[in-house]
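Read through the structure below, which is laid out as structure tokens, and then see the notes.
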Amino acid sequence: MSDHFIAVAACGDIPEGKFIKVGVAGRAVILAHVAGRYHAVEDNCSHEDYPLSFGCLDGDRIKCSLHGSRFSLETGEPLDEPADCPIRAFPVKVMDGRVWIDPTA
């Protein structure tokens with residue numbers, strides 16, 4: 001495992017279909033558990049600098065509650081207007097019952 005990966009949660013901390021907000025290397029990150037996989041994206045809508053953690057999951061997307069833009073949890077790409085810039089998505093690994101992310105990637 002890369003030296004840059006940081007353990008951020010136990011797998012059991014995030015029920016299927018839910019997310020939590022964690023702080024990693026001075027950043028707010030959303031850690032989501034969807035369809036048996038974990039995803040990590042920055043907790044900030046690229047359209048209005050608004051926390052995505054105020055929104056909700058929509059399948060494998062996170063929806064901003066301010067204007068309705070949805071972002072891919074896999075890639076961070078915007079899927080709806082008005083957002084037109086991606087958010088940061090972080091590599092995730094599961095090891096020893098914990099979820100690890102690489103905030104430097």
Side-chain angles (χ1 to χ4, degrees):
M1 183 165 297
S2 166
D3 290 339
H4 300 289
F5 277 87
I6 299 169
V8 293
C11 292
D13 291 344
I14 314 160
E16 175 70 36
K18 303 289 184 185
F19 69 85
I20 62 173
K21 181 178 169 180
V22 296
V24 181
R27 298 175 190 198
V29 174
I30 290 174
L31 188 59
H33 184 193
V34 177
R37 296 187 60 211
Y38 294 90
H39 304 276
V41 294
E42 68 178 303
D43 183 19
N44 192 52
C45 180
S46 62
H47 172 245
E48 283 288 333
D49 195 28
Y50 190 77
L52 290 171
S53 56
F54 292 160
C56 62
L57 292 181
D58 179 14
D60 62 352
R61 300 164 296 269
I62 184 99
K63 182 177 179 181
C64 180
S65 64
L66 189 59
H67 292 116
S69 292
R70 293 177 304 153
F71 297 87
S72 166
L73 291 170
E74 183 77 30
T75 66
E77 289 297 318
L79 303 170
D80 301 296
E81 294 181 349
D84 58 3
C85 293
I87 59 172
R88 194 160 177 199
F90 302 97
V92 176
K93 294 190 182 215
V94 176
M95 190 171 98
D96 299 327
R98 300 202 48 86
V99 182
W100 301 69
I101 71 168
D102 180 353
T104 66

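Everything numeric here is computed off the predicted structure, so don't read it as measured data.
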Within-4.5 Å side-chain heavy-atom neighbours: Tyr38 and Val94:
yes
Basic-acidic side-chain contact under 4.0 Å: Asp43, Lys21:
yes
Rounding to 0.5 Å, atoms OG (Ser69) and CD1 (Ile62) come to a distance of 12.0 Å
Side-chain touch Val99/Cys11, heavy atoms, less than 4.5 angstrom
yes
Considering non-hydrogen atoms only, spot the tightest contact between Gly59 and Leu73 and give its length.
O-CD1, 4.4 Å
Nearest 0.5 Å, please: how far is NE2 in His4 from CZ in Phe90?
14.0 Å
Close side-chain approach of Asp102 and Phe5, heavy atoms under 4.5 Å:
yes
Could you state the interatomic distance from CD1 (Ile30) to CD1 (Ile20), rounded to the nearest 0.5 Å?
10.5 Å
To check you understand the geometry: which heavy-atom pair defines the closest contact between Pro78 and Ala83, and what is its length?
CB-O, 3.7 Å
Between CZ of Arg70 and SG of Cys56, what distance do you get to the nearest 0.5 Å?
10.0 Å
Keeping His33 on the side-chain end and Ile14 on the backbone end, is there a donor-acceptor pair under 3.5 Å?
yes
hydrophobic_cluster_shared for Leu79 and Phe71, side chain cutoff 4.5 Å:
no
Between OH of Tyr50 and CG of Asn44, what distance do you get to the nearest 0.5 Å?
11.5 Å
Are any side-chain N or O atoms of Glu16 and backbone N or O atoms of Ala35, one a donor and one an acceptor, separated by less than 3.5 Å?
yes
Does Ile101 form a side chain to side chain contact (heavy atoms under 4.5 Å, CB included) with Leu31? I'd like the steps, not just the answer.
CA-CA 9 Å; Ile101 71 168; Leu31 188 59; 4.3 Å; yes
Side-chain heavy-atom pair Pro103, Ile6 within 4.5 angstrom cut-off
yes
Is any side-chain heavy atom of Val29 less than 4.5 Å from a side-chain heavy atom of Val8?
no
Roughly how far apart are Glu42 CD and Leu52 CG, rounded to 0.5 Å?
7.5 Å
